[in-house]
Amino acid sequence: MSALIMKLSPKIERWIPRLAAAVSGLLVSAAFPPLEWWGAAWLGLVPLLLAVRQTDTRSAARLGLLAGACCWLTSIQWLTHVTVVGWIILSLYCALYFIPIAVVFAAWTRRFGGATWWRNLALMLLGAAVWAGSEYVRSNLLTGFPWNPLGATQYRSTPLIQIARWGGVYAVSALVVFVNLAATLTMLRYAVHGWRRTRFHPEIIFGFLAMAGCVTLGWSVMKNDVVESRKLRVALIQPNIPQDDKWTSDTVDMIYGRLRDLTTSAAHAEGLHLLVWPETAVPDDVRYSETSLGLVYEMVSNGVPLLVGSMDTKWNDDGPRYYNSSFLFDRDGAIVGAYNKRHLVVFGEYIPFQPYASFIKALTPIQESFSPGFFSAVFDLSPPGITFSVLICFEDTMAKLARECVRNGARLLINQTNDAWFDPSSASRQQMIQCIFRCVENNVPAARATNTGVSCVIDRFGRVRGVLAGPDGQVRVAGYQTFELDVPQALARLTFYTRHGDLFAGSCAIIALLGVIVALRQGRADARRA
């Protein structure tokens, strides 16, 4: 028996780091919906970091990729509702961003070990910057995919996430990774010095102090940041139309009927200022459809303006151009504001290289590509004298778009989205969580109207103040609900993030790039010496 164990032990030893990396990926994934084990985020990277310590660069990169693959394949599994191939490709692409911290941590511990607290503190700061910088690059490179930043797992910790006012959600991600590194390095130091020996290891203390400092700062912000505001009574309409029914001729009457019934009921609420339909609520172009336009005129005759999500078509010499748009109709049925979605979803709203690679079209669920808009739009709702901007679909995951809206004068963000592509799944809740950070970053509230998903209102501190749900708490229902929001009349001072954008994350990206370059050079040098 002992001989068998001795024979198998080398194989077991090779599998232990891989298992640790996989566990890390699954723990990070578990911190996001549907499980929302938010505490797992604070220790989720520890198994990976322990596995890569003092390893060579290639091994560290492979383990980082494995951890990332386990994380993303499970956390965005909802993408299989649309495309299995796209789910695999996107998951493996996002997994690449686990590699930098694994490589840097391995190179540092290979070079310096973990014997001195001040070097460990430097590694904690470096590792946090590397992770935040990696997330920033993922969010902006090519078309950008800012989904599920690690800091978003802490959305329930309202005082803690107020640091997003300075560094965006990336600052919260950096804090979480800082604590992961503190725990890892503390474990390594005790492993070296022995658990029974009385010896001061301050790394974990630095982690707790950082958390405590951020929470204290957050409480101070929430207590002292008082602004003049106006009340907005808004009704969110959630028709809950399955995606397969949205564009079929057999269900058109059902869609119009449901919008009519829900909106008519909602419009009777006392003191209502605005009705909101979700993204592409009507089954055609509202500006050119007699039926859709007639329904809108009927609804605004109740005396309440209506924000309509609709396709739009514009003709030029090259033919029609299609847009995913939002229109604000006043009480007289006139369009007083319009916005075209700027950030389109690749393979969901447009087909890249379509004129040159027509076969790609067969891999997507869309027939024609939309065209992007180029400008944010600030809508003026008077009364009560409130300015707002619209973010359509996944645009509320794009921090720079929300920031631009607030810089241009919006004091409320309205997200119109259609999560029926992926429901039932965790996608709608993952998206809602990211909208919370757009509020905190810019110190403005938000309202979300979904076709199906999480229709809700969020205050400027990131607290969800109300959710549209059925009697049993189920959010995937057809219905409406009115909410009251405090909307700043003016902001005495824009937040640091609104004024300066991703200064923190951009700096972290530079640090991450330099850290990876140094780690790779050290890896090559170590390989030559070996």
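All of these numbers come straight from a predicted model, not from anything done at the bench.
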Go through the side-chain N and O atoms of Q154 and W42 and say whether any donor and acceptor fall under 3.5 Å apart. yes

Closest heavy-atom contact between L344 and S371? CD1-C, 3.7 Å

Less than 4.0 angstrom from a charged side-chain N to a carboxylate O is my criterion; do R438 and D396 meet it? no

Is it the case that atom CZ in R110 sees more than 12 heavy atoms from other parts of the structure closer than 6.0 Å? yes

Distance, nearest 0.5 Å, that separates CG of N120 from OG1 of T186: 8.0 Å

Identified side chain to side chain donor-acceptor pair (under 3.5 Å) counterpart of S326 within the set Q416, E279, K341: Q416

Is there a donor in the side chain of E135 and an acceptor in the side chain of S173, or the other way round, less than 3.5 Å apart? yes

Looking at N140 and G144, would you say the former's side chain and the latter's main chain have a donor-acceptor pair under 3.5 Å? no

Tell me, yes or no, whether the heavy-atom count around R18 atom CZ, taken from other residues, nucleotides or ligands under 6.0 Å, exceeds 12. yes

Indicate the ring-plane relationship of F206 and W117, choosing parallel, tilted or perpendicular according to the 30° and 60° boundaries. tilted

Ignoring hydrogens and geometry, is there a side-chain-to-backbone donor-acceptor pair from R119 to F112 under 3.5 Å? no

Closest approach of V169 and A152, non-hydrogen atoms and distance? CG2-N, 3.8 Å

SB check E404 R342 (cutoff 4.0 Å): yes

Is the shortest heavy-atom distance from the side chain of V85 to the side chain of I88 under 4.5 Å? no

Taking C-beta and beyond as the side chain, do R463 and M222 meet within less than 4.5 Å on heavy atoms? yes

Could you tell me if the side chain of L96 sits less than 4.5 Å from the side chain of L92, heavy atoms only? no

How many angstroms lie between CZ in F437 and CD1 in I458, if you round to the nearest 0.5 Å? 10.5 Å

Rounded to the nearest 0.5 Å, what's the gap from OG on S428 to CD1 on I433? Could you check? 9.5 Å

Straight-line distance of S24 OG to N180 CG, nearest 0.5 Å: 8.0 Å

Closest heavy-atom contact between P372 and Y323? O-CE2, 3.8 Å

Determine the minimum heavy-atom distance between A402 and L391, stating which atoms define it. CB-CD1, 4.1 Å

Looking at T495, is its backbone amide N or carbonyl O close enough to the side chain of N442 to form a donor-acceptor pair, meaning the two atoms are under 3.5 Å apart? no

Just by distance, do the side chain of R403 and the backbone of T498 share a donor-acceptor pair under 3.5 Å? yes

Gap separating the CG atom of L160 from the OH atom of Y155, nearest 0.5 angstrom: 14.0 Å

Does R165 use its side chain to pair, donor to acceptor, with the backbone of Y497 at less than 3.5 Å? no

Can you tell me if S376 and N408 form a side-chain donor-acceptor pair at under 3.5 Å? yes

Does R499 have more than 12 heavy atoms from other residues, nucleotides or ligands lying within 6.0 Å of its CZ? yes

Within the structure provided, determine whether P278 and T417 are in side-chain contact (heavy-atom separation under 4.5 Å). no

How would you list all residue pairs meeting side-chain hydrogen bond (donor to acceptor under 3.5 Å, both in side chains) that involve residues 88-105, not counting sequence neighbours? Y93-Y97

Would you say that T57 contacts L520 through its side chain, given a criterion of any heavy-atom pair below 4.5 Å between the two side chains? yes

Side-chain donor/acceptor of Q162 to backbone N/O of L217, under 3.5 Å: no

Would the distance check show the side chain of S75 and the main-chain N or O of S29 forming a donor-acceptor pair, the cut-off being under 3.5 Å? no

Under 3.5 Å side-chain donor-acceptor pair for T450 and D419: no

Measuring from atom CG of L123 to atom CG of L181, what distance do you get when rounded to the nearest 0.5 angstrom? 6.0 Å

May I ask you to check whether over 12 heavy atoms, not counting those of W38, lie within 6.0 Å of atom CH2? no

Between A446 and C439, the two heavy atoms sitting closest are CB-SG, 3.4 Å

Check ion pair D225-R493 (N to O, under 4.0 angstrom): no

Can you check whether T55's main-chain N or O pairs, donor with acceptor, with S59's side chain at less than 3.5 Å? no

Given 3.5 Å as the limit, does a donor-acceptor pair link the side chain of S425 with the main chain of A427, or not? yes

Between W131 and F98, does the ring centre distance come in under 6.0 Å? yes

Give the ring-plane orientation class for Y136 versus Y170, where under 30° counts as parallel, over 60° as perpendicular and anything between as tilted. perpendicular

Any chance the rings of W78 and W147 have centres within less than 6.0 Å? yes

Check for a donor-acceptor pair, side chain of E441 on one end and backbone N or O of A164 on the other, with a separation under 3.5 Å. no

Do NZ/NE/NH1/NH2 and the carboxylate oxygens of E203 and R189 come within less than 4.0 Å? yes

ring-ring contact (aromatic ring centres under 6.0 Å, His included) against W87, all qualifying residues, sequence neighbours excluded: none

